[in-house]
Amino acid sequence: MTTLDRLESAISDYGGIRHIARVDQTSVARTGGARVAPAEVLIIENPALVAQVASVDLELLVDLPIRVHVWQAPGGRTRVRTAQPSQIAASSDHPTVRQVRHAIETILGAWLDFAVSDAEQVDLPAQSGETGELGEGRREMVLPDSSSPRELAARFHPNFNSRRLDRNGERTAEDVVVNSNGVHVYGRDSFVQRLSRYETPFPGLQLRDRIIIEDDRSAAVLYVLQGAHGGPFAGIDATGNQVEAYSGEIFDFNEQGLLAHLLTVTHLGHLKEQVHGHREVSDHEQVTLLPVVPVSAAMGESVTAAARSLYDCEGGDSGTPVIDPETIVILDGTPERGPKAWKARLDAWQTALPDLVVTVERVLADGNRRVVSLLARGTHRGPYAIGGEEPLPPTEKFVEFRMMDFLEFSEAGRLVEVVSIYNTHDIRDQLT
């Protein structure tokens, strides 16, 4: 499979992309009387994004569709080049156009990365013109001049999905620090080794990105794990049950664009329930990468303040003033609506942990979205019935756990959606 074949495969798997043409430039040149090395151009477009740009100004379509040029350079190197996403319709600062540029920027780098995923050895830092050994020949991948934290984070899960775990290692600092669902991992080699932990219980597991935001040198990703139970997990041999769980990650990158710190929070309790047959997954969710909508500086400050207010645990109505009756609240994998759903979550925690203290450790801000990293502590003095299992009677044990909430706000600053992730498996382990 060639580099361009892999790129077409990645685009096909993504869905919603129109394949316009694949042009063999070598043949074209031959008809004109020149014999040249292999060269092809792939032309693609996303009709939804084209429609958004066209609604602003038809003249801006001059930079679309996207063209990916692949050619064999002297010495057998294969080069891959495309337009820098930030320069698409660069003459316009319209919010809709900025949103389109963001969408292209987020996924294009990951596609190009996957296109060279058969590498036996590769070194592709977040800079243009870097080279690496790829398969039988030497190939060079030319990325945009700069890679944002969003672009950097977007490459990790495609590498995982294609089982190129070594490539994630190459994008990681040697002294990386990882907190993966309460398990602390130090160093690049240990991190790469941990990435393979799902392969035995869930062979072929895929990670589907739903939201990616960036803030300074950090990025946060909401994604969905999807697969089937094919090996021992939680004391249960392979059942073939479909599994699906939400997960959140915060990536912190250093000045070289390497991963320096990673925090992961996953609904591991859901995987356990699905393996045991207590929670059924009939069909996997169709996951689409959602946009980040730019907002003014004043609105950004207002939204951040509203996000923080959600976690003031003093008073039974905390957080509800910014929640609309139609707010989608996804707390345990099941969408609900309105302030009552949010208040029910708070009441459940305060019943199980009357002295609950929730600390907002970080708020990452990007456009109309906020990601809140939380540390919760409390003493188990009431029935714990969170997570879909039989309630646990009070144990008087102290528990500490992390949560990660992904918030979307409307143009009026109201909460449109909140997806909350916490590891019920870890909480029960602490209480039993």
Side-chain angles (χ1 to χ4, degrees), residues 1-14 16-47 49-50 53 59-91 100-101 103-147 151 154-155 158-159 162 164 166-167 170-171:
M1 181 179 286
T2 67
T3 298
L4 210 55
D5 290 336
R6 286 188 295 278
L7 179 58
E8 286 188 302
S9 174
I11 293 169
S12 177
D13 289 345
Y14 184 83
I17 306 300
R18 179 172 170 238
H19 182 292
I20 297 177
R22 179 170 173 172
V23 181
D24 184 348
Q25 296 285 57
T26 304
S27 297
V28 174
R30 187 177 296 119
T31 62
R35 298 186 63 84
V36 298
E40 290 186 271
V41 174
L42 181 66
I43 305 174
I44 56 175
E45 68 179 358
N46 183 323
L49 297 184
V50 170
V53 173
E59 187 176 350
L60 297 175
L61 293 178
V62 66
D63 294 324
L64 296 173
I66 298 292
R67 296 170 179 82
V68 182
H69 183 203
V70 181
W71 75 100
Q72 187 180 77
R77 295 179 178 180
T78 296
R79 296 192 177 189
V80 181
R81 187 183 296 274
T82 189
Q84 187 170 339
S86 63
Q87 297 305 307
I88 295 175
S91 62
V100 168
R101 281 196 292 263
I104 295 173
E105 176 185 66
T106 298
I107 61 177
L108 189 56
W111 284 345
L112 295 178
D113 217 12
F114 180 78
V116 292
S117 65
D118 70 339
E120 294 181 3
Q121 179 183 2
V122 65
D123 182 14
L124 293 175
Q127 299 172 4
S128 63
E130 301 295 341
T131 66
E133 291 289 344
L134 300 177
E136 297 179 356
R138 289 185 55 82
R139 305 171 188 237
E140 179 179 19
M141 179 176 177
V142 183
L143 297 174
D145 292 340
S146 62
S147 293
E151 290 178 298
R155 294 170 191 158
N159 286 339
S162 61
R164 295 305 317 210
D166 55 327
R167 301 201 66 187
E170 290 161 0
R171 299 191 178 282

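For the numbers below, each heavy atom of this structure counts, side chains included, while hydrogens, waters and symmetry mates do not. Remember, it's a predicted structure, so these values are computed and weren't measured experimentally.
Side-chain contact between V50 and V53: absent, with no pair of heavy atoms (C-beta onward) separated by less than 4.5 Å. Counting heavy atoms from C-beta on, the side chains of I66 and I88 come closer than 4.5 Å.
Of all the heavy atoms in R167 and N159, the pair that sits closest is CB-ND2, 3.8 Å. In terms of heavy-atom proximity, V36 sits nearest to A29 at CG2-CB, 3.8 Å. Between A37 and Q72 the shortest heavy-atom distance is CB-O, 3.5 Å. Between L60 and S91, the shortest heavy-atom distance links the atoms CD2-OG, 3.5 Å. The shortest non-hydrogen separation linking P65 to I44 is CB-O, 3.0 Å.
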Please lay out, stage by stage, how R67 and V41 fare under the test side-chain contact (heavy atoms from CB on, under 4.5 Å).
CA-CA 7 Å; R67 296 170 179 82; V41 174; 4.2 Å; yes
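Atom OG1 of T26 and atom CZ of R35 lie 10.0 Å apart (nearest 0.5 Å). A distance of 5.0 Å separates CD in E45 from CZ in R18, rounded to the nearest 0.5 Å. Rounding to the nearest 0.5 Å places CZ of R155 at 13.0 Å from CD of E170.
Residues satisfying the side-chain hydrogen bond (donor to acceptor under 3.5 Å, both in side chains) test with R22, not counting sequence neighbours, are D5, E8, E40. For S27, the side-chain hydrogen bond (donor to acceptor under 3.5 Å, both in side chains) partners at least two apart in sequence or on another chain are D24. The side-chain contact (heavy atoms from CB on, under 4.5 Å) check on E59 picks up D57, with sequence neighbours excluded.
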